[in-house]
Protein chains: 2
Amino acid sequence: MKRKTSQREAIRRVIIRADRPLSTDEIFKMARKLVPGLGIATVYRTLKSLKEEGSIHEVDLPGQTSRWELSDKDHHHHFLCRTCDKLFEIEGCLGDIDRLLPPGCSLEAHNILLEGQCPDCLQGMDN
Amino acid sequence: MKRKTSQREAIRRVIIRADRPLSTDEIFKMARKLVPGLGIATVYRTLKSLKEEGSIHEVDLPGQTSRWELSDKDHHHHFLCRTCDKLFEIEGCLGDIDRLLPPGCSLEAHNILLEGQCPDCLQGMDN
DNA sequence: ATAGGTGCAAACAGTTTGCATGTAT
DNA sequence: ATACATGCAAACTGTTTGCACCTAT
């Protein structure tokens with residue numbers, strides 16, 4: 001996949017403009033405003049392709065649908081609001097992770113997810 | 001749900017005997033050996049009910065299907081083998097998690113998942 | 001006897017794929 | 001011109017639900 005199509009550009013633009021990782025469906029709805037006829041299959045295919053070319057990163061979440069963010073970021077983790085389901089980027093990391101590793105296992109990655117209420121939802125403005 | 005049926009007992013037994021959190025499908029296959037006609041819908045319903053009554057806990061994983069473990073355990077996290085997809089319990093936790101919390105957010109839970117190779121898979125015995 | 005549990009098949013949600021058509025190169 | 005991308009619908013996977021039948025109480 002290398003062609004510069006309006007669909008692909010719209011999807012890329014939506015992700016670039018976002019201030020947090022977006023779900024596939026959010027991207028679909030936002031990109032469809034830019035390219036009216038856009039189909040969901042194209043979104044899935046394009047996200048996969050952007051991921052494979054290395055420009056975006058898929059954030060897998062427990063129990064939730066994947067979110068997508070630009071991959072040119074430093075190592076970080078995420079905070080998930082349990083009310084609005086929005087995901088936010090968290091800076092920094094925790095040290096001494098190796099300490100938890102079971103004996104005989106090799107460590108290839110670690111995932112830290114914080115969950116709670118985001119500022120907006122704490123104020124009862126449920127959105 | 002309160003009745004003592006062979007299906008429910010088999011499912012409970014499989015989870016109790018396991019040395020690690022099992023997937024719904026693993027539970028289904030193991031319990032079906034104990035109760036031949038067992039249907040997958042019953043497994044889903046029973047797991048949900050055991051969860052609601054508080055005897056088991058659902059481990060949601062990013063990108064993977066849920067695993068189930070007994071809920072009478074201390075706070076812990078998990079290690080996922082990227083080769084055989086088995087999940088292992090990890091003792092202990094990391095301190096200073098609040099430090100990562102974005103300003104204005106409340107913290108209700110945290111999730112730490114380590115990923116890599118388990119001892120068996122490190123030795124090339126791919127299972 | 002009867003409320004609740006079970007198995008089956010159909011329904012669902014999210015995601016992927018086959019195919020004919022459209023379009024960037 | 002043509003190889004690749006798109007939209008649609010069908011297929012797929014994991015999970016849930018409706019319903020007639022079964023069974024623990």
Side-chain angles (χ1 to χ4, degrees), chain A residues 1-15 21-69 80 84-87 113, chain B residues 1-15 21-69 80 84-87 113:
Chain A
M1 257 194 186
K2 315 195 161 181
R3 285 191 190 168
K4 185 167 180 171
T5 65
S6 57
Q7 291 88 339
R8 189 177 174 88
E9 286 310 293
I11 290 168
R12 166 178 276 134
R13 186 161 304 147
V14 161
I15 297 171
L22 300 178
S23 69
T24 306
D25 193 58
E26 282 176 314
I27 293 168
F28 175 49
K29 286 179 175 132
M30 295 168 87
R32 196 166 43 176
K33 286 180 190 159
L34 305 175
V35 181
L38 182 64
I40 187 67
T42 298
V43 177
Y44 279 107
R45 279 188 285 235
T46 303
L47 290 173
K48 183 187 230 186
S49 139
L50 289 171
K51 176 186 176 182
E52 280 165 3
E53 84 176 29
S55 40
I56 65 173
H57 175 242
E58 179 171 9
V59 186
D60 263 345
L61 295 177
Q64 299 248 348
T65 192
S66 285
R67 312 302 162 90
W68 303 87
E69 63 185 9
L80 177 66
C84 66
D85 280 345
K86 283 187 192 133
L87 191 73
L113 179 68
Chain B
M1 258 195 183
K2 311 189 165 189
R3 285 190 191 170
K4 185 168 178 171
T5 65
S6 57
Q7 292 87 342
R8 189 177 173 86
E9 287 308 295
I11 289 168
R12 168 179 274 133
R13 186 161 305 146
V14 161
I15 297 170
L22 299 178
S23 68
T24 307
D25 194 58
E26 282 177 314
I27 293 168
F28 174 49
K29 286 180 175 133
M30 296 169 85
R32 195 165 46 175
K33 287 180 189 161
L34 305 176
V35 182
L38 183 64
I40 186 68
T42 298
V43 177
Y44 278 108
R45 280 188 285 235
T46 302
L47 290 173
K48 183 187 230 184
S49 140
L50 289 170
K51 175 186 177 181
E52 280 166 4
E53 84 177 28
S55 39
I56 65 172
H57 175 242
E58 179 171 8
V59 186
D60 263 345
L61 295 177
Q64 299 250 345
T65 191
S66 285
R67 311 300 162 92
W68 304 87
E69 63 186 8
L80 177 67
C84 65
D85 279 346
K86 284 188 191 132
L87 191 73
L113 178 68

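Just so it is clear: chains get the letters A, B, ... in the order the sequence lines come, proteins before strands, and each one is counted from 1. Small disclaimer: the values here were computed from a predicted structure and weren't measured.
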B:Lys4 vs A:Gly39, nearer the 5' end of DNA chain D by closest nucleotide: A:Gly39

Any A:Gln7 side-chain nitrogen or oxygen under 4.0 Å from OP1 or OP2 of C:dT23: no

Nearest-angstrom distance from the residue atom CD1 of A:Ile11 to C1' of D:dG7: 13 Å

Any B:Leu61 side-chain heavy atom under 4.5 Å of A:Pro62 side chain: no

Atom pair distance, as rounded to whole Å: NZ in B:Lys51 and P in D:dT15: 12 Å

Candidate pair B:Lys33 and B:Val35, rule side chain to side chain contact (heavy atoms under 4.5 Å, CB included), full reasoning: CA-CA 6 Å; B:Lys33 287 180 189 161; B:Val35 182; over 6 Å; no

Under 3.5 Å, which N/O atoms of the protein pair with N/O atoms of nucleotides 14-20 of chain C?
from	atom 1	to	atom 2	distance (Å)
C:dT15	OP1	A:Thr65	OG1	3.1
C:dT15	OP2	A:Tyr44	OH	2.2
C:dT15	O5'	A:Tyr44	OH	3.1
C:dG18	O6	A:Arg45	NH1	3.2

Check: B:Thr42 main-chain N/O paired with B:Thr46 side-chain donor or acceptor under 3.5 Å: yes

Between D:dG14 (P) and B:Ile27 (CD1): distance, integer Å: 15 Å

Verdict with supporting geometry, B:Ile15 and B:Leu47, side chain to side chain contact (heavy atoms under 4.5 Å, CB included): CA-CA 10 Å; B:Ile15 297 170; B:Leu47 290 173; 3.7 Å; yes

Short side-chain N/O contact to C:dT6 OP1/OP2 from B:Thr5, under 4.0 Å: yes

hbond_proxy B:Arg3 side chain to C:dG5 base (donor-acceptor, 3.5 Å cutoff): no

Whole angstrom value for the distance that separates P of D:dG14 from CH2 of B:Trp68: 15 Å

Length of the CG-P vector between B:Leu34 and C:dT6, whole Å: 14 Å

Residue pair A:Tyr44, A:Lys48: steps toward the side chain to side chain contact (heavy atoms under 4.5 Å, CB included) verdict: CA-CA 6 Å; A:Tyr44 279 107; A:Lys48 183 187 230 186; over 6 Å; no

Atom-to-atom span, CZ of B:Phe28 to C1' of D:dT13 - whole angstrom: 15 Å

Sole candidate of A:His57, A:Glu52, A:Glu53 that passes side-chain hydrogen bond (donor to acceptor under 3.5 Å, both in side chains) when paired with A:Ser55: A:Glu53

Rounded distance in Å - CD (B:Glu9) to C1' (C:dT6): 15 Å

Nearest-angstrom distance from the residue atom CG of B:Leu61 to P of D:dG14: 14 Å

B:Arg8 side-chain N/O to B:Ser6 backbone N/O, donor-acceptor pair under 3.5 Å: no

Proximity to the side chain of A:Thr42 - top-ranked nucleotide from D:dA5, C:dT6, D:dG7: D:dG7

